Amino acid sequence: MPGTLPPSARQDMEGGEKMALTHKATVMDEKGIMQALRRIAHEIIEHNKKIDDVVLVGIRSRGVPLAKRLQEYLNEIEGSAIPLGILDITLYRDDLTERQEQPEVHITDVPFELDKKHVILVDDVLYTGRTIRAAMDALIDLGRPATIQLAVLTDRGHRELPIRADYVGKNVPTSRSERVEVKLKEIDGSDQVDILEQTKD
Amino acid sequence: MQTLRRKDILGLEEMSAEEITLILETARSMREIIQRKIKKVPTLRGRTVLNLFYEPSTRTKASFELAQKYMSADSVSVAGTSSSLVKGETLKDTVRNVEVMGIECVIMRHPVSGSANYLARNVEASVINAGDGMHEHPTQGLLDMFTILDKKGRLEELKVVIVGDIRHSRVARSNMWGLQKMGAEVVVSGPPTLMPPDLEAFGVKYCPDLEEAVEEADVVMALRLQKERQEGGLFPTLREYAEIYGLTSRSVVKAKDDLLIMHPGPINRGVEISSELADSPRSVVLEQVTGGVAVRMALLYLLMGGVKEE
Amino acid sequence: MKTILIKGGRLIDPSRNFDGRADLLIKDGVIEGMKNGLKAPSGSETIDAQNLVVMPGLIDMHVHLRDPGYEYKEDIITGSRAAAAGGFTAVATMANTDPVGDDPTTICYIRERAGSAAVRIYPLGALTKGLEGKELAELGRMKSAGAVAFSDDGKPVFNGMIMRNALQYAAGLGALIIAHEEDPYLAAKGTMHEGSVSSVLGLRGIPSAAEEAMLARDLMLLETSGGRLHIAHVSTAGSVELIRRAKAEGLKVTAEVTPHHLILTDRAVKNSGYNTNTKVNPPLRAESDRQALWAGLLDGTIDVIASDHAPHHSDDKDVEFDFAPFGIAGLETTLPLMLDEYSSGRIKDLTLPILVDKMSTAPARILGLEGGTLQEGGAADITIVDPDRSFIINPETWHSKSRNTPFAGRQLNGAAVFTIVGGKVVMREGVITDQ
């Protein structure tokens, strides 16, 4: 049943109304996720000489706990608190007239200036790139960052826009008919990344 | 509930507490946008809204227009004249034009009760009632609740007193329905001649003595008094009205210390509310205005954002 | 003119307390005989009335045919065809036309047009000039011209002295006055019954007192003025009680009620979402009023059921509630609605003879018209009803020019299948037969 998927999974359903999703493979476990995020934290420091100008912005909903974890890891390494914001991209979506279920709007909470900052945008899965496009538009409405960098836990390919990630936890080659499901303790109770495939019901 | 499963917003009487909650929560997200430097999101790009005002209005119309601009909708505003004596274009013909113009949402204010229902029945577009006669003014009710919720953190079990011309007030009607659905207790006060017949129909308590009515109140809302009512013989003079039913620091002495003072505007200072009280820190008259834009953005999003149910 | 034998029907004639099976023979426009086993003379038409009810022609003593002046809403011919379709053999039409029917010329005009009408048309004259309630109209000259009673219906006679004089003067002519009871100041700008529903809808209310205060005044005036007074469209429990007491005191007062006041309440305005077809004057009242009207009808306080047929064009009705005119077009729904109330058993004690009395015998007696009876030698005005005929009210099929009814879409049991006026079949199975 597609309906059992977390409502926030932003990957598009490719038709398949009458298809069932079954587990195909687990590509990351709790340890793998931790290691990937730690590595990304190190890469962010490496890449941004002045860490004081770096801010984290998590995309609702699974980008938010990921950004919080990055914030902790960066704090452990650098000993300074990196500001963290939350971005709700609902009002920037390009598919509002096409969806049957209207997405709920939540608060965007970026309690600091973005001007001249290096913004690390954080999300769980990079797929078509449309979510990131919406997120960049939303960020630019809030201010004028020096750079916007993208950190994702997984990149599953199939881009529809010229967008790439600066930091990738794991590249997960998939077919379009598959789904990548990210579970995080803060929302789902456990840490795990699965590939689900469609099978005839 | 994620979606408002209705085409139109005609009144709060027909709405559920769940629907009102969804609107108020969405409005909270919308208020963040109003606080930005660049107050604009692209959500309703290329969607057309018509503001049809058959009655003069400054704040409601401005509030709707701002909400449309912040949401990037294209909007047209038309000031209509409507009277059985002045023969203009009938509402029926206006409706036909709306259909042809491909308008997706009509905001209408009209002096006749039920006109929004009439319009909604005759157009495919969504209709938001911006006040119809003495019937309802649902967006005002919603913004009043939004303001109270913001200040008090809840609506349940609050005591809200509405004072004045309940009989002719669409704002009072929307507030009475909405507040009670959200669990507040509503008490009304004012001269009996300004109460609607069979007030029990609204489920509110009537207390003609203002001082007693506001005892332990969390919120008191004064309604605008139309001077014409005096000529209709419903009360003797404005002076007498102000003395008996006007909100002053003396008349609200028995209320709670953190009493909120509200007024849908425009205020007749010294009549329904004293200047001292209107300008006091307890007054949230100006916050009501900001809340209004947020609530109207929320409604535009909820009515126009998704695909229409068949 | 054809001889007609109506065979085997259930005949109801309240004028003679008759309710039983018999054949009815019509010859030369009059009722020739009424008994069992009548033979059809050669060349005559036989109507098989085995499962039908035969009654004296129904008379609607309160209609607005809008002619002259508002022929886009209705005219005498279309109104008469609507009446025939609805089972009426005669109607009395009100004077609020343009020009107002306040002089013999207009009365004559109506009588002349009535010659081409499907049913009998009786003009009612205005009580005051221009319906202004200021000066008495020429009641005597209009009566000579054929006016059967006098009324300012649509408007009250607000000036008590004028009403008093009118009652006294009409008494001298032996003329009936029909009163529209409404205090215009109490009713001020109201559009529906004043009560909880009007409060919730934000519509200005017409309080029950607007009708009752005027009615009480007129009953007091009647006590000393002499004359006869008929109360149009009684709508409230208080009015029923006032009339009941007046009758007990021996006052010469009669009263009528409409089907919409017997069937609908103010909730119809809300349930229909401000449908202007529920806007009528007097307004649809509360449930307690509706029940009191039935009680008054059954105990004889209310004598007559009349439609108050008030046709309006959709251009007038399809507008905002406040701007719409008052009125319900009822000629084609009155009889079926009442038959349905009977056949459904909703109203205990309601019988067909009671309905026939209220819709035929009583109005004939009150207006002093021929008809209202199946007596041999009387004019052959006859309505034949199929009490089991099931149909759905569809205004699109009406003979009236107007469509304004709050009853559209209702499924009913019972309808007229033949209307016979002066021995001629003017309606057969819903089809108007042109002469």
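Order of the sequence lines sets the chain letters (A, B, ...), proteins ahead of strands, with each chain counted from 1. Worth saying up front: this structure is predicted, and the values here are computed from it rather than measured. When reading the values below, keep in mind they use all heavy atoms of this one structure, side chains included, and skip hydrogens, waters and symmetry mates.
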Next on the checklist: Quick test of your reading: applying salt bridge (Lys or Arg N to Asp or Glu O under 4.0 Å), list the pairs with at least one residue in residues 129-145 of chain B, sequence neighbours left out, ordered by first then second residue.
Outcome noted: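 For residues 129-145 of chain B: none.
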Checklist entry - At a heavy-atom separation under 4.5 Å, does B:Arg170 approach chain C through its side chain, its backbone, both, or neither? => result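 Nothing of B:Arg170, per the 4.5 Å heavy-atom cut-off to chain C.
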Does the side chain of [X] pick up a donor-acceptor pair with the side chain of [Y] at under 3.5 Å?
{"X": "C:Asn275", "Y": "C:Thr278", "answer": "no"}
{"X": "C:Asp152", "Y": "C:His180", "answer": "no"}
{"X": "B:Thr90", "Y": "B:Asp93", "answer": "yes"}

Item to check | Closest-packed option against chain B by number of heavy-atom pairs under 4.5 Å, given C:Thr191, C:Thr276, C:Leu201, C:Asp318 | outcome: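 Ranked by contacts with chain B, first place is C:Asp318.
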Checklist entry - So which of C:Val197, C:Leu203, C:Val200, C:Asp315 has the biggest tally of heavy-atom pairs under 4.5 Å with chain B? => result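 Between C:Val197, C:Leu203, C:Val200, C:Asp315, the count favours C:Val200.
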Item to check | Engaged part of C:Val319 at the chain B interface, taking heavy atoms whose separation is under 4.5 Å | outcome: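 For C:Val319, backbone heavy atoms alone lie under 4.5 Å from chain B.
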